[in-house]
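Input: a single structure, listed below in structure tokens.
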Amino acid sequence: MSTTAKVVSESFKPALIIPWVTIGIIAYFCLPWLALEYGLTDATFDEFVDALAWRKNGATIVVPFFFLMFLIAPRLVRSGIQCGWLYTCLSAFFILATFAYFITENLSMGLGTAVILLAFSALFAIGIAEIGFQRGDRFIAGSVIFVILLVCVFIFFPIWTIFQTLLYNSDGSFAPFQFYQIVTAFGVGRVILNTLLLAMSVGAATTLFGLIFALYSTRATSPLRYVIRVFYILPIITPPFVVGMALILLFGRAGMINDGLMFLFGPEGILLQGAFTRSGYIYGFWGIFLAQTLSLTPIAYMVLNGMLATINPAMEEAALTMRAGRWETLRDVTLPLLRPGIANAFLLCMISSAADFGNPLVLGGDYDVLSTEIYFSIAGAQLDFAKASALGVLLLVLSLSVFVIQKKWVGQKSYVTVTGVQTAGNVIPLPGRLQKILSAFVLVWLLLVGILYFSIFLGGFVKQWGADYTLTIAHHKELWLGGFASGAWPSFINSLIFAFIAAPITALIGILIAYIISRKKFFGKGIIDFGTVLIFAIPGTVTGVAYILAFNTPPVELTGTAAILIITMAIRAMPVGIRGGMSALSQISESLEEASVLQRAGSLKTIRSVLIPLIRSTIVSSTAYSFIRSMTTVSAVIFLATAGTNVATTYILSRVESGDTGIAVAYGSILILTMLLFTLAVEVITGRSRVEKQVKTI
Amino acid sequence: MKPGETNITITLSKVFKRFDEVTALEDINVVFEAGTLTTLLGPSGCGKTTLLRIVSGLETVSGGEILFGNENVTDLSATRRDVGMVFQSYALFPHMTVEQNVGYGLGVLKTPQEKIKEQVKVVLDMVNLAGYQARYPDELSGGQQQRVAVARALILEPKVLLFDEPLSNIDSKLRRSMREEIRHLQKSTGITSIYVTHDQSEALAVSDEVVVMKDGRILQKGPPRSLYHRPESAFVANFIGESNVVEALLVNGTDGNRVELGGIELALPDSMHIPAKPGMVKLSLRPEVIHIEAKSDDKDPDCLAGIVTESAYMGPVIEYSVKTAIGDLFTRGPAYETQHLKGEQVRVRVRPDEIIVIPASSE
């Protein structure tokens, strides 16, 4: 061991800690120690100065001395390991002491404190790396600490506050039966049943339709199949509730179908008088069902299409050589091979349906589900946080258990062995009659989707849908031509800025998490694993409630700021980054990184020179996709957006609630158009870079 | 690189490795002599690659110590261990040119660009790839990629060179010349090298010493010749070359040692080393010590009777499987002789001076 210690201390340079010490000291002197009442950008200079740490007497004076101790420490000890222990203990003590200070004093941390804590976390990572964590790899040690902190502060802590709200009364006394009392006080059974019934129906329908589309796009011979391959991007770029809005335009009380039926069968109908009265049949189960099926089928399609593409055609050919017809082959070989994919698609769509908030909000009517119930317990002047928490726990447990089933049970089962060997063989076309039936189905579907989107765009240009179909640009004029301070602009600009900041953070942290999960083993990895599962499974409404509860009081007070919205968007889109990183890393042989390490490169250099160039396109597409998700998300941000930080989706929903459907769809259509152009631009850019790479390597 | 300058001895003592509950390596004590090339040979799953990765530092040990010379490197990460490695998949960086690949490590060490260019040229010359600097890996053949991988492993003048089945992705004709080149490079640089393979003929051809492994343990270590002629277990006898392992009775008579098998007696030469006590022993009979000849009427007391069960013409030789009283024996005969056909009755003669007696203690 003695030789080891010597080597470590040789490689250890005090210069490593200087940047962090400098950052910490600058933050101490120049950034607010305490949270500012009106946020950093809106505070006056005096308020700003007052919040600085060195203006405070007492405890904060020790902070710079703490940093100085780090500079002196290496001179006091004999080996790198001792120095590591010293760093670890000093920084851990400081971090804990800071939290204790803010909690006992009931103060809110400012930006400066956050930066100082970050600097100490970095010093902590340097310390434990010196002791031997991650075999002295400071970058990985730092990343692990950073991710653990992130997961603790923005996942575990908020979820814990939900439970805390349930365990304690509003006056702070322990109330172990509060949860039970809340959930039995109203018809919670019906709400859960509604949620489950809807989720299962939507899961089944989307899986069936997704299977049809997947089979059709890979196995049909008609040119229609090329159209399918592009239709999956529509729901990605459409805010979740816009499909619901379009359904109202079509099937709503004043919708086209009602109008048409009234025209034919109404009291003054031209065919059969009095056989029909206007109805709101679209509100309720069938409306949500239809909206969710329309918007989630592409998810099922993507899962099953990916699965179909990996089935070795030789297996189907083998069936054909054994005298099986195309029907038998489909029934006995292809579909059984798809079974894990089918289960996967079903469970994924089930989670998405239960978590969906926008469509039930717009179309729900009397049909209440957990996600909207959560919103209504807080929205308006209800502010019943205990009830929202109770329902949030139920929804979380529901989606977490489905997610765990999907991950542990279905995720493991795959009949597909990816060998990397390209097997020649042609896919077997669909049986002729089946293809005809499916063609008709696909055509109807695409027609419906087409009409839906057309009505969204049209809806923005008519005076009053259902009553007065005169074409007008009044809605767009109100939204876009009243200057940047009115109409849609403030929320639109907010959305753009927040998403623009959140997207790269999400992509980078997501890929970092994917890297740590897939490539590293260490003590405490379970925390990151579990945090990741929660990131994937937690429904947006639950995040919203949890964040309101967690970040509305000291020590971390963020509600009302832009920061909380950016963080929410980043966390909500995190699965995109993680999934992208996972699949990209699984394509890259670990021996490339090992080869780099054996060339004396540290992990930071390896990641920079070897990994990042190879996953560049994943980084771009993950960032783009995160941007889109952040722009279109509604479920979590609706709890957190305020008048000053309104975003596009919350603005649209507020106009829907106040009955301005025309304005809402006008805004929605522009949002969809923006996202569409953005997606196309990204496709063009990443497409070109792929070509560049090919040219280079040929 | 001057021979002898970098060579060090690698010592592993009491090394073991567990993955969760599975023991991958058990009580490994082995010394890799300075300047030699040692192969780790064994069937897949025997732990040879794990052992190599433990020496490289890419894998940690669950217990035990690793010494490079006198320096304990057990807790050093791969980056700090000063080893070069040639991966089975070559692991060339696909987005870098040959020059960037080979010069990567020098870049990490902040070597000036002109110096990198210069040194890359030197090692590319060593592996006969002069002028390939600007190519990308996917513009090279498998053999050329292999050479780039070797050049990259050599350029930092490591203390230890590791080869992880370097020839398994190369077609068989090229393999022979590549293996000679590797051997030549290793000899001229004198870097202590460890070479993993599952191909016994590659191991025999390339190494100073061979370590045979099975189920996470080292069965035998020695120069190729001694492993072939003195296998200490039936497994080694079977794994190195081909072998017919049969049971026989060892008798220590007044006139020296004899073995009785299948009703015949064979006198062993006095000079032969017998690592077993009299009694039932296991013998290893190499195909080249077994000769078959057409059956004739006159009985030969030194021959076993047999029936040819398989007879395959292989070009230079004919391979036979012969059923005898001591079991099925595998052997070869020269192709210029008349081929004994399947079902034919033959006489089997065993040359006693080449019989191998397997030590009694082995598995």
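Chain A is the first sequence line, chain B the second, and so forth, proteins listed ahead of strands; every chain is numbered from 1.
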**Study point:** Over 12 non-hydrogen atoms of neighbours within 6.0 angstrom of NZ in Lys121(B)
**Key:** no
Review point. Around atom NZ of Lys525(A), are there more than 12 heavy atoms of other residues, nucleotides or ligands at under 6.0 Å?
Key: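 Yes, the 6.0 Å shell around NZ holds more than 12 heavy atoms from other groups.
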Practice item. Check whether any side-chain heavy atom of Val610(A) lies under 4.5 Å from a side-chain heavy atom of Tyr104(B), and answer yes or no. Key: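 Yes - at least one pair of side-chain heavy atoms lies under 4.5 Å apart.
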Point to revise | Pairwise side-chain contact, Leu598(A) with Leu58(B), heavy-atom cut-off 4.5 Å (strictly under) | key: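 Yes. Closest side-chain heavy atoms under 4.5 Å.
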**Study point:** Portion of Ser603(A) that has a non-hydrogen atom of chain B nearer than 4.5 angstrom
**Key:** neither
With only heavy atoms counted, which part of [X] is less than 4.5 Å from chain A, the side chain, the backbone, both or neither?
| X | value |
| --- | --- |
| Phe87(B) | side chain |
| Ser77(B) | both |
| Leu162(B) | neither |
| Asp82(B) | both |

Distance from [X] atom [atom1] to [Y] atom [atom2], nearest 0.5 Å?
| X | Y | atom1 | atom2 | value |
| --- | --- | --- | --- | --- |
| Arg81(B) | Arg600(A) | CZ | CZ | 12.0 Å |
| Met96(B) | Ser609(A) | CE | OG | 5.5 Å |
| Gln599(A) | Leu156(B) | CD | CG | 5.0 Å |

**Study point:** Residues which pass salt bridge (Lys or Arg N to Asp or Glu O under 4.0 Å) with Arg608(A), listed by chain and number, not counting sequence neighbours
**Key:**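 In terms of salt bridge (Lys or Arg N to Asp or Glu O under 4.0 Å), with neighbours along the sequence ignored, Arg608(A) is linked to no residue.
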Exercise for review: Give a yes-or-no answer on whether the side chains of Ser89(B) and Ser589(A) include a donor-acceptor pair shorter than 3.5 Å.
Suggested key: no
Practice item. With a 4.5 Å heavy-atom cut-off (strictly below), which parts of residues 48-57 of chain B touch chain A? List them by number. Key: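 The list, in residue order, reads Arg53(B), Ser56(B), Gly57(B).
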Point to revise | Contact summary for Leu614(A) and Pro94(B), nearest pair of heavy atoms | key: CD2-CG, 3.5 Å
Exercise for review: Please confirm whether the backbone N or O of Leu611(A) pairs with a side-chain atom of His95(B), one donor and one acceptor, at under 3.5 Å?
Suggested key: no
Review point. Pick from Val108(B), Asp164(B), Leu92(B): which one has the most heavy-atom pairs with chain A under 4.5 Å?
Key: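 Winner by heavy-atom pair count: Val108(B).
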